Structure formats: C-alpha cells, structure tokens
Amino acid sequence: MRRFDYHGAETLEQASRLLTDLGDDTFLFNGGTDLLVEIRERLRRVRNVVDIKGIPGLSDITYDETRGLTFGALVTVGRLERLALVRERYPNLRDALASLGSIQVRNRATVVGNVCRASPSADTIPPLIADGAFIHIYSRTNMRVVPLAEFFTGPGKTVLAKGEIVTGITVPPAGDNSGKAYIKHGRRKAMELSTVGVAVSLSMDDGVCSDIRIALGAVGATVLRAPAAEAILRGTRLDAATVKSAADKAMEECTPISNVRASADYRRDMVGVLTGRAITQALEASA
Amino acid sequence: MKRIVELTINGEPRDMTVETCCSLLDALRDDVGLTGTKKGCDVGDCGACTVIVDGQPVNACLMLAVEAEGCTVETVEGLQPGVDTLHPLQDAFMRHGASQCGFCTPGILMMAKKLLDDNPRPTDEDIRFGLSGNICRCTGYTKIFDAIKSAALEMEAARS
C-alpha cells in the first residue's frame, strides 16, 4: 500500500486541527472501507489520515418518540442493521443497510461515512432523505445542523468546510399511519452498487396522503428529491392512475447518466417502475 | 512510522510492531506469521481475508493493524479446538469436498463459524446471505453449503 501517516485523534477539536493543519492530502479516517480501497487502488492521493474512532461520545444510538433516532459518526452499518428498533421503525433504512457491501464490510463501514462519501449511488442516503434526516456538523467555532437533502453539492462533494466533522445523524420518528420503502435495483443481490435506488416515505390520513417524500439514488449528481412527483401525490388517495402519473413525473425529474452499470435511458425507465412500486409498498406498509 | 500494537490473537496476548499504514491482513501474515488468512483482492470484495474481530467478521484487508489495538482477533488457525482435532466445520469441508484450490476456504470457514455461532440451524437462505461477501471461484458453492448444513447438524447433536 502507498505509505501514509496515521494520526489518532482523541477529541473533535484535535481532529479538526489536524485536518486543517496537516495540509492537503489529509483525510478523515472512520470505517475506512472506502478510503483504504482508494489508497490501495491509487484513486486518491493520501499523505495523512486522521482517525476519529478514539473520540468519545460518537458511538451512541438514542431514540425517543419526539426526536426520533440519533446515531453517532462511529456507528457501523452492521450495528444499526441488527437493531430491532431500526427493523421496526425504519424498515426502509434497514433494507438499505442490509444491502450495502457485505456483512464484513458492514461491520467496519459507518453510516455517516457512507453519507459523507456523497456517492449518488450510496444506499443509505435515499431512505434518510425520504425520512427527513438532519446531519450534525462540528467545527471549532460552532455546531450546525443541516437537513440531509441540503448536504450534498455534487458527486463526492458536500457542504463540509475543511476542519468540519460530521458527528451524527438524526432521523425524525415515523408518525402514525406512515409507510416507508426502499428498493435497490442492481445486477446481483450481494456486493453490489445500486443501478437505481428509490426511497419513499409517506403518511396517510383517513385514506388520503398527507405527506410524501421520494428520494432517487444513482440518477443524478446527488441523491435527488422528486418534488413534482410528490406534489401530484399529496392530498390524493394514491390510486393506481395517480401513482402512475407521479412515477412518470419522477422519470422527468431525474437526471441519470450512462456508465458501466447502466445506460441513462435504462435508469430513467427503472425510476418509473421502481417509484410506482415503492409508493405501493409504502402505502401497504402504512395500513 | 512504526508502532507497537497489543492485541489478543486466537486467545493469546500478542505484540505486533507495524507500520501505521499496514493492514491487519499484512500484519497477521507477515509480522505474526499466521498465513492461514489469505490475501485475495485486497480491497474488500472477495472475503478471503475474513477474520473475526471482537466477535464480528471483518475483511482484514480493510482494517489497519493499528486499529486492532486492544482487540480480540480470531483467525482460521484458532478454529481447531486442539492439536489433531478439527472443528466440525473443517471436518465437514473435508468430507464434502467443499474446498478445491482452498484459497477462499479460511475466510469461508470463519464466516461459517460466525453464522453457526449466531444461528445454529440456518436455512439455505441464511447460509447464502451469510456467505454473500465470500467469493469461491472453484466449487460453485453447492458443496460448501452442504458442508455447513452437515456441520450444523453435527454441532447440534454434540450439544444435546
């Protein structure tokens, strides 16, 4: 492996200072399942890594009925995946977690790392955006909280400034009569990056859709919301014709590219199919 | 930059003196001399380097040796309950011909051990899910699944 220096930080302030003071080619090191691969395959030039795993207080998972689920930056994908609470209340996130990499990868990779890597095809991002998650950001001068939907600025790019560190994510609680779904589309079941990922979270009130969020993965520079499709669905009974027209609208709203995994046309078609399917699945789950 | 890492490997306290950029896999193979753990892809895709760290299976190639400070690591060398005794999984793999070139076998054995420790009576689907991060290019997996099912039955019989 190309050589680099390792720095174990014991506090957020120390980690933040190291990230700014050690100069370019210094990267935060968390689960390492992406960074170590990038170093080994020479995709990223790295001189220093700053390990945040020794910082206390970043491993907690809490839940309460008003705030929802909060997990720290060090919480692994596998740990969250195995939690009964996540299985019961965030089945969409649970499906995304269980489809990421392999069991071995999930035991090292962190959810916050998957999010901060800002890949448009990251599995955990669509369900977190559909659920209205917030991200907690530390800097040496202040803390800020950003809606996850506003966190990404491009592929691999986020609003994080140098020296800022994500400390955790909060996912609001699901209301009564809510339903959620995440559908990942790939060429195989395991060890697969998604070709298209669609997450839907909705609330029903007396048979009428009172709120809905649709998040589309791997069909744009970032994970996208589909606001026009959502607007078609809000206030309706989600009958088949309305769902179909919303799915068609989502196809117009996405901006896929062609790459080694699929063509843009195929991805767009799959957005239509999977959006309809995910809405139906979320609706059934809300009953 | 070198550092001394103290950890427990297969029940024994050990020290490793490693470069801080060295993977746990390279440290186990080159510094500790435990070459049972294999280097297949070295990027977390193949599962050949699977070891169990603090009770959870991980790719040893995707972990730095320095991150194992204070950890308990189990490798395939620790699977045998005693000299001249095989783990039921090792025995079943031999009887079923579940190993051809053998390169994936240590990783699959460790993954299967973890699977049976957590779930003594796995379904076919449980086994497929449990091994989805381990690639075998020889066997077509059928004999591996047969061996794991057979070992599960033997381990259950031994317990009762």
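Quick caveat: nothing in here was measured; it's all calculated off a predicted structure. Per chain, numbering begins at 1; letters A, B, ... match sequence-line order.
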Is there a donor-acceptor contact under 3.5 Å linking the side chains of B:S150 and B:E154? yes
Flag for B:N10-B:T75: side-chain donor and acceptor within less than 3.5 Å: yes
Which one of A:K189, A:R188, A:K53 has the most heavy-atom pairs closer than 4.5 Å to chain B? A:K53
A:R82 portion near chain B, given a 4.5 angstrom heavy-atom threshold: side chain
Side chain, backbone, both or neither: which part of A:D51 has a heavy atom under 4.5 Å from chain B? side chain
Atom CE of residue position B:M1 - does it have more than 12 heavy atoms of other residues, nucleotides or ligands inside 6.0 Å? yes
Choice from B:T50, B:N134, B:V58 maximising heavy atom contacts with chain A below 4.5 Å: B:V58
Any donor-acceptor N or O pair under 3.5 Å, side chains B:T72, B:T8: no
Indicate the ring-plane relationship of A:Y63 and A:Y90, choosing parallel, tilted or perpendicular according to the 30° and 60° boundaries. perpendicular
Part of residues 7-30 of chain A lying next to chain B, heavy-atom separation under 4.5 Å: A:F29, A:N30
Between A:R47 and A:D5, is the salt bridge (Lys or Arg N to Asp or Glu O under 4.0 Å) condition met? List the steps. CA-CA 6 Å; A:R47 281 185 201 279; A:D5 282 334; over 6 Å; no
Is it the side chain or the backbone of B:R128 that comes within 4.5 Å of chain A heavy atoms, both, or neither? neither
Between A:E164 and A:R140, is the closest basic N to carboxylate O distance under 4.0 Å? no
Full working for side chain to side chain donor-acceptor pair (under 3.5 Å) between B:Q100 and B:T139: CA-CA 7 Å; B:Q100 283 184 31; B:T139 65; 5.7 Å; no
